[in-house]
Every structure is written in structure tokens, then in C-alpha cells.
Amino acid sequence: MDIGGTLVKLVYFEPVDITAEEEQEEVENLKSIRRYLTSNVAYGKTGVRDVHLELRNLTMCGRTGNLHFIRFPTQAMPRFIQMGRDKNFSSLHTTLCATGGGAYKFENDFRTMADLELLKLDELDCLIRGLLFIDRVGFNGHPECYYFQNPSDPQSCVKKPCNLDNHFPMLLVNIGSGVSILAVYSENNYKRVTGTR
């Protein structure tokens with residue numbers, strides 16, 4: 001979960017290779033949460049599951065499944081935490097991975113309202129690892145990273161696929177509520193060179 005200044009972005013991995021035995025052992029709470037997250041495209045008045053962004057049949061940690069992307073305004077975070085309490089998330093997991101400034105802002109609310117801990121991860125580390133992951137898996141079999149060849153000439157400007165195998169160093173610009181510009185020398189070696197505060 002990335003809890004930004006304007007939007008919360010939630011990624012949910014839905015395993016599709018569940019065995020019959022796992023299906024029987026799965027607690028009702030988990031079944032209920034999975035049904036809720038995957039059968040809706042809208043949650044309340046402001047939450048949206050971006051169906052067009054789903055990544056299908058990925059293998060992660062030895063499991064095959066689909067990645068779902070859900071977003072809602074950060075101002076709706078108290079309702080999300082309440083839903084987590086109502087749906088008993090803490091009976092399944094006691095820790096959620098989170099990044100962004102809201103991971104610090106809402107940490108106590110998760111703990112006191114929903115009995116959940118946040119494992120806070122570095123936002124820029126997650127950004128780089130996420131970009132490299134998307135580059136490796138593509139978007140349902142198609143490359144997601146691209147560049148524009150001849151960008152200053154509208155007549156011959158062409159969108160070209162790009163893979164990031166050998167593209168270090170690179171300049172990575174992240175635009176959200178604020179902007180961060182990173183000089184990236186490798187997956188684990190980067191520095192923020194400028195951006196908004």
C-alpha cells in the first residue's frame with residue numbers, strides 16, 4: 001500500500017493456483033475479503049479498482065495469480081481502516097506493508113482502530129523495485145516501459161518499447177502529489193537529486 005498525500009494505492013495479489021485442500025482450509029474471512037476485493041470495481045463513493053491495469057497470471061514467490069490495483073483518496077483512509085476492522089483483517093494478517101508519508105501519519109490509527117501493524121518500507125526503494133518488476137513482467141505479456149524516438153519532431157515521433165536491463169545509470173522522475181527526481185545507478189544505488197519537499 002502506498003499512502004500518498006492525495007491518493008492511497010493498494011495492490012492486492014490474488015492467487016489463482018489454489019489447491020482443493022487450500023480452498024477447504026481457507027478461513028471464511030479470507031474468502032470474504034477476496035470476494036469483496038475482486039468482485040467490485042467500486043468501493044464506497046470514492047474507491048476504484050483499475051481493472052484495465054490488472055496483471056494476470058504472474059508468478060510471485062512461487063504462486064501464480066493476478067495483481068489488482070485499487071485506489072482511493074487519502075482523506076478516505078479512516079473509512080478504509082474501519083472496513084479493515086469490520087472485515088476482521090487482523091485475524092488473517094497482523095502486518096500490512098506500506099510506504100509513503102501516510103504510512104507514518106496513519107500508523108497509530110491502524111494499530112488502535114484495526115489491530116494492524118504497518119511494515120513501513122522506503123518509498124524510493126519501492127519505486128525503483130516496482131519499476132524494475134514491471135519491466136521484467138510487462139503488462140499481460142506486452143512491454144510496459146517505452147521511450148519516444150524523435151520526440152521533438154511530431155511527424156516522426158514514434159513510441160518504442162524499452163527494457164531496462166542495461167539502462168543504468170538513468171534519471172527517474174516520479175510524479176505524484178509531489179515530484180522526486182532520482183539518479184539511479186543500479187537497483188540498490190540511487191540518490192534523490194531534486195524535487196518538491
* To do: Quick one: do Met77 and Val8 satisfy side chain to side chain contact (heavy atoms under 4.5 Å, CB included)? Show the steps, please.
  => CA-CA 8 Å; Met77 180 56 83; Val8 175; 3.6 Å; yes
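- One finds the CG atom of Asp86 at 12.0 Å from the CD1 atom of Ile81 (value rounded to the nearest 0.5 Å).
- In terms of heavy atoms, Cys162 sits closest to Tyr147 at CB-CD2, 3.7 Å.
- Residues Ser180 and Arg192 approach most closely at OG-NE, 3.2 Å, considering heavy atoms.
- Judged as a salt bridge (charged side-chain N to carboxylate O under 4.0 Å, His left out), the pairs with a partner in residues 179-190 (not counting sequence neighbours) are, in order, Arg129-Glu187.
- Contact detail for Pro161 and Pro143: the closest heavy-atom pair is CB-CG, 3.9 Å.
- Under the 3.5 Å distance criterion, the side-chain polar atoms of Asn66 are matched with a main-chain donor or acceptor of Asn57.
- Side-chain contact between Val51 and His68 is absent, with no heavy atoms from C-beta onward closer than 4.5 Å.
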* Asked: Passes side chain to side chain contact (heavy atoms under 4.5 Å, CB included), Leu171 versus Ile181? Steps please.
  -> CA-CA 7 Å; Leu171 197 60; Ile181 300 175; 3.7 Å; yes
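- Taken to the nearest 0.5 Å, the CG atom of Leu67 stands 7.5 Å off from the CD1 atom of Ile134.
- Of all non-hydrogen atoms in Cys126 and Leu121, the two that sit nearest each other are SG-CB, 3.7 Å.
- A continuous path of Ile, Leu, Val, Met, Phe, Trp and Tyr side chains, each step under 4.5 Å between heavy atoms, connects Val193 with Val173, placing both in one hydrophobic cluster.
- Between the side chain of Asp2 and the main chain of Lys9, no donor-acceptor pair closer than 3.5 Å is present.
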* Asked: Between Met1 and Ile3, is a side chain to side chain contact (heavy atoms under 4.5 Å, CB included) present by the stated rule, with each step listed?
  -> CA-CA 6 Å; Met1 185 170 25; Ile3 309 171; 3.9 Å; yes
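- Distance CG/Asp109 to CZ/Arg85: 11.5 Å, rounded to 0.5 Å.
- Here the side chain of Arg49 pairs a donor or acceptor atom with the backbone of Thr38 at under 3.5 angstrom.
- Electrostatic pairing of Glu117 and Arg111 counts as a salt bridge here, judged by a charged N lying under 4.0 Å from a carboxylate O.
- Grouping the Ile, Leu, Val, Met, Phe, Trp and Tyr side chains by contacts below 4.5 angstrom, directly or via other members, places Ile18 apart from Leu37.
- Here the side chains of Ile128 and Leu182 are in contact, with some heavy-atom distance below 4.5 Å.
- Donor-acceptor pairing under 3.5 Å is recorded for the side chains of Asp125 and Tyr190.
- Under the 4.5 Å side-chain criterion, counting only non-hydrogen atoms from C-beta, Tyr36 is in contact with Met83.
- If you chain together hydrophobic residues whose side chains sit under 4.5 Å apart, Leu116 and Tyr43 fall into the same group.
- Ion pairing between a basic and an acidic side chain is recognised when a charged N comes within 4.0 Å of a carboxylate O; Glu107 and Lys105 show no such pairing.
- The ring pair (Phe, Tyr, Trp, His ring centres under 6.0 Å) check on Phe72 picks up Phe80, with sequence neighbours excluded.
- In this structure, Asn174 contributes its side chain and Val179 its backbone to no donor-acceptor pair below 3.5 Å.
- The CD atom of Glu54 sits 8.0 Å away from the CD atom of Glu14 when rounded to the nearest 0.5 Å.
- Within the 3.5 Å criterion, the main-chain N or O of Leu7 finds a donor-acceptor partner in the side chain of Thr74.
- Ile70 and Val41 end up in different hydrophobic clusters when Ile, Leu, Val, Met, Phe, Trp and Tyr side chains are linked at under 4.5 Å.
- Nearest approach of Pro15 to Arg34, heavy atoms of both residues: CG-NH2, 4.4 Å.
- One N or O on the side chain of Thr99 and one on the backbone of Glu123 form a donor-acceptor pair closer than 3.5 Å.
- Checked by atom type and distance alone, the side chain of Asp50 never pairs as donor or acceptor with a backbone atom of His52 at under 3.5 Å.
- Here Tyr146 and Phe148 bring their ring centres to under 6.0 angstrom of each other.
- A donor-acceptor pair is defined here as one N or O able to donate and one able to accept, closer than 3.5 Å; no such pair exists between the side chain of Asp135 and the backbone of Leu131.
- We find that Arg63 and Glu22 are joined by a salt bridge, their nearest charged nitrogen and carboxylate oxygen being less than 4.0 Å apart.
- For the pair Lys191 and Tyr185, the minimum side-chain heavy-atom distance is below 4.5 Å.
- Met113 and Phe110 fall within the same hydrophobic cluster, where Ile, Leu, Val, Met, Phe, Trp and Tyr residues are linked whenever their side-chain heavy atoms come under 4.5 Å apart, directly or through other members.
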* Asked: Can you check side chain to side chain contact (heavy atoms under 4.5 Å, CB included) on Leu55 and Phe13, steps first, answer last?
  -> CA-CA 10 Å; Leu55 298 174; Phe13 180 75; over 6 Å; no
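- In terms of heavy-atom proximity, Cys145 sits nearest to Leu164 at SG-CD1, 4.1 Å.
- Atom NZ of Lys160 and atom CG of Asn150 lie 9.0 Å apart (nearest 0.5 Å).
- Aromatic ring centres of Tyr12 and Phe69 lie farther apart than the 6.0 Å criterion allows.
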